[in-house]
Amino acid sequence: MRLDPEVSAHFQVWTFWHRTGTPVLFNALGLREELEKTVGPSIARCDFATVYIVVLGHSMGGLMAHTLVSWARELERCSWCRRACAQQS
């Protein structure tokens, strides 16, 4: 994906490595923790790149992405970010 000029023109591609055979929930938690460490401080500033994230996964990665989005809905991370951005405007 990184070599595709169309993708590269619109997205910054990041990868997350996980252990094969580790339970889905454990891997999804690892992904969530890494995202929070990486983009967490930027969310409060409402940086475009960290407010609009596309998560793409295949097989285990797809299950992890689904779990990540499900957790985000439960924790209302998206609405929290919208409230933080609205307060700064």
Side-chain angles (χ1 to χ4, degrees):
M1 289 188 71
R2 288 183 177 159
L3 299 178
D4 185 314
E6 189 69 26
V7 172
S8 297
H10 302 284
F11 297 95
Q12 181 182 29
V13 178
W14 293 28
T15 56
F16 174 77
W17 297 96
H18 61 86
R19 292 184 183 192
T20 304
T22 306
V24 174
L25 292 176
F26 185 77
N27 285 332
L29 177 62
L31 174 59
R32 179 177 153 201
E33 289 172 346
E34 289 301 313
L35 275 172
E36 286 177 351
K37 282 194 303 189
T38 305
V39 302
S42 301
I43 288 176
R45 294 191 313 263
C46 301
D47 293 344
F48 183 86
T50 54
V51 174
Y52 298 96
I53 296 175
V54 176
V55 180
L56 177 67
H58 170 73
S59 193
M60 172 70 85
L63 295 173
M64 291 167 44
H66 180 271
T67 304
L68 180 74
V69 171
S70 298
W71 280 345
R73 286 186 187 143
E74 286 180 27
L75 297 174
E76 296 183 343
R77 291 192 180 282
C78 295
S79 63
W80 174 86
C81 184
R82 282 194 297 272
R83 283 194 306 271
C85 291
Q87 290 172 356
Q88 289 185 359
S89 308

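Starting from 1, each residue takes its place in the sequence as its number. Below, each value reflects all heavy atoms present in this structure, side chains not excepted, and no hydrogens, waters or symmetry copies.
Judged as a side-chain hydrogen bond (donor to acceptor under 3.5 Å, both in side chains), and not counting sequence neighbours, the contacts of E34 are K37.
If you chain together hydrophobic residues whose side chains sit under 4.5 Å apart, F11 and L56 fall into the same group. Grouping the Ile, Leu, Val, Met, Phe, Trp and Tyr side chains by contacts below 4.5 angstrom, directly or via other members, places F26 apart from L68. Neither F16 nor W14 shares a network with the other; the hydrophobic side chains, linked directly or stepwise wherever heavy atoms of I, L, V, M, F, W or Y lie under 4.5 Å apart, form separate groups for each.
When all heavy atoms of R19 and N27 are compared, the closest pair comes out as O-ND2, 3.6 Å. Here the closest heavy-atom approach between residue S8 and residue M1 is recorded as OG-O, 4.2 Å. The two residues V13 and R2 come nearest to each other via the heavy atoms O-NH2, 3.3 Å. Nearest heavy-atom pair across H10 and E6 is CD2-O, 3.1 Å.
Put simply, OG1 on T67 and CE on M64 are 8.5 Å apart, with the number rounded to the nearest 0.5 Å.
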